[in-house]
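Below is one structure; the comments refer to it alone.
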Amino acid sequence: MTAQDLPLIDGFIDGTLTEAELQQVKERLLSDEIFRDELELALHLRGLTAAARPGPAAAFSARVLQACAEISLPAPGEASAASFEAKVLRKLPRRRPPRPAAKSWRTPLLLLAAGFLLGLSSWWLLRPPVPEELACCTNDTSGFVIRGETSLVLKNGLSLIKGDLLSVAAGHHAQLHYPDGTEIDCFPSTQLRLDSQDGAKWVELQSGAISLAVKPQPPDQPMVLSTAQSRCTVRGTQFELYANAQQTQLHVNHGKVQMNGAKSGEVLVTAGHFATATAQEMRLSVPGEALCRSPVLRAGSAPYPICVPLRGSRKLFLYVSDNNDHNFGDHAAWIMPRLSGPAGSLDLTTLPWKRAKSGNIHIPVPQCNTGLPAFPRGFASPHRYIYTHAVSLIEYDIPPGYDFFEAEGVLSVSPLARDCSLVFEVFTELPAAQAELIWKQPME
Amino acid sequence: MGPDRMQEVIRRVQNGEVEAFAELITAYAPGVRSFLSSHIRDFHAAEDLAQEVFIAVYANLDSWKPELNPTPWIYGIARHKLMSHLRRLYGPKSRINAFQAEITEELLRHSPVENVRGTERILGCIEHQPAAERSLLLARYFDGDSVQEIAARLGTTVSAISSQLYRLRHQLRACLDGKVRLI
């Protein structure tokens, strides 16, 4: 290989070679191992740098999984909830393959007739009792119910029985009503299973959020709500429960709720307080504590999904701290920030904030849908976001009809800014003294 | 993640645990995306194709045999997708297109079938370079500037930039091979 070959390699990478030059590349490739090695190295580095760009790994995985879940879509008309349904149906036990047909038709016919008579008489004697209605859906919504191996459309008036698995579609609420007057409001994208044991109501919240108003239950039959991390026992109160794969949060509005960890520990949560249960611990929180706190995000960290119930509050504070590293590159973005509730879905980038600050003298206030500085070229920047710089605080007055906040928190850095770190926090109550400290914090 | 672990993951997905497929994506996505991006100039097209690869892997899981090492199987699907894409892209319209496709095919014929590694280290290796060299690498690889554009911007010749990039490529290779200690 000679120095004259180098522009040939770069030209091939750039796609600027003429026909004669490409012919030359092909010949050199077949005859010169060092040339081949050099071209492969140049291509390899292009591939590595493309794949190493921070940011989209989680989104990439999510897009693929979404597409995979849709490969075996069920019946049309249930498309909004189809991905989860497909997953659930796939988990159901598979039917055994049919036995091969017998060669003679008489024997199977006789066996069939005998079996039919036997089955009919057995069914008559041992027929199961008609399942008792546990609750009823009382609003027109979008979602589905898995009952055994069948799927039903979740709609107003649908009776729900023991074992039903409900999935509420994104952007919709479902209201469930028990005969004793207990109400459950299922938030968008919630999945839960209804059950009863010895006459007591049981709800297994698999993911999402529910708000409950529980009528007084018999002393020996308290209502039980279970999640992967906890079990709540209720005798009659109002509260909200939110669960995902990592944690469960219980917010009590009236009365008190006993919360037990899946493995150990228990807390009694009284009105105005909330508790968090993870696989490792249970923690009783106090008003003024963040409803949601991300782990420390650094360059290359995947976007952190945030999904919190607002507990009836009409205030929302979005806070980004710099993890006390005072780094200049702490560019942050709340991606796709939105409120949802009975009033529908509201893009938070269209809602004027009451007060806001950003922690950099060049970015004194957050910016909506503009300014995101350092998504490397080649990455699709999000269309809706709030761009800011730590330390940042944004205060909103929430209009009525919204009770849920969702977004993704991301650290937006250049590929080389490795030392930046951020923490995203969401509050509905922020103690005045703490807020003042943040408002007055000098900019970098 | 070793082949044994991947085989277990695939068995779980075959048994209906779609979520387990995320683990397979996490293990193979950087390598597959890198492999495709090395042969496709358009980053977005490479990303789309990478998604198609994993969807095809998922759709064909039934054809996977437990005794097979999943790595060559997944990269085999990636190669097939890549060549189909290039054939669509280039088509039989001109000699230039034919040469492009033949060169890529020739390169693929000899490249080893293994999970591409180094995506987690490449940024550190670039950062390890002095400022001027780092800027050149960023312009070349992150901004996608051609050697002509870089040469024009720096007021130098294409040959000079190509020579500089040649040296830098070998420094990066040494760094990726672990011969340079990153601080």
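A, B, ... follow the sequence lines: proteins, then strands. Residue 1 opens every chain. Quick caveat, the model's predicted, so the values are computed rather than measured.
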Quiz item: Does any non-hydrogen side-chain atom of A:Asp14 lie less than 4.5 Å from one of B:Glu149?
Solution: no
Quiz prompt | From A:Leu41 atom CG to B:Leu176 atom CG, the distance as rounded to the nearest 0.5 Å | solution = 8.5 Å
Quiz item: Non-hydrogen atoms of chain A under 4.5 Å away: do they reach the side chain of B:Gln51, the backbone, both or neither?
Solution: both
Quiz item: Which residue, A:Thr49, A:Leu45, A:Ile13, forms the side-chain contact (heavy atoms from CB on, under 4.5 Å) with B:Arg140?
Solution: A:Ile13
Quiz prompt | Contact summary for A:Arg36 and B:Leu107, nearest pair of heavy atoms | solution = NH1-CA, 4.1 Å
Quiz item: Does any non-hydrogen side-chain atom of B:His170 lie less than 4.5 Å from one of A:Glu38?
Solution: yes
Exercise. Decide yes or no for B:Arg173 and A:His44: does some side-chain heavy atom of the first lie under 4.5 Å from some side-chain heavy atom of the second?
Key: no
Self-check item: Which atoms of B:Ile40 approach chain A - backbone, side chain, both or neither, heavy atom under 4.5 Å
Solution: backbone
Quiz item: Picking from B:Ser159, B:Ala29, B:Ala46, B:Ala22, which has the most non-hydrogen pairs under 4.5 angstrom with chain A?
Solution: B:Ala22
Quiz item: For the atom pair CG (A:Leu22) and CD (B:Gln100), what is the distance rounded to the nearest 0.5 Å?
Solution: 5.0 Å
Quiz item: Under the 3.5 angstrom rule, does the side chain of B:Ser37 hit a backbone N or O of A:Gly47 as a donor-acceptor pair?
Solution: no
Self-check item: Proximity breakdown for A:Asp5 and chain B, heavy-atom pairs closer than 4.5 Å
Solution: neither
Quiz item: side-chain contact (heavy atoms from CB on, under 4.5 Å) with A:Leu48: which of B:Pro30, B:Ser34, B:Cys125?
Solution: B:Ser34
Exercise. Look at atom CG of A:Leu30 and say whether more than 12 heavy atoms of other residues, nucleotides or ligands are closer to it than 6.0 Å.
Key: yes
Quiz item: Who among B:Ser146, B:Ala50, B:Ser38, B:Ser163 has the most heavy-atom pairs with chain A under 4.5 Å?
Solution: B:Ser38
Practice problem: Answer with side chain, backbone, both or neither: which region of B:Ile103 has an atom nearer than 4.5 Å to a non-hydrogen atom of chain A? | Solution: both
Quiz item: Side chain, backbone, both or neither: which part of A:Leu29 has a non-hydrogen atom closer than 4.5 Å to chain B?
Solution: side chain
Quiz item: Hey, what do you get for CZ (B:Phe99) to CD (A:Glu21), rounding to the nearest 0.5 Å?
Solution: 12.0 Å
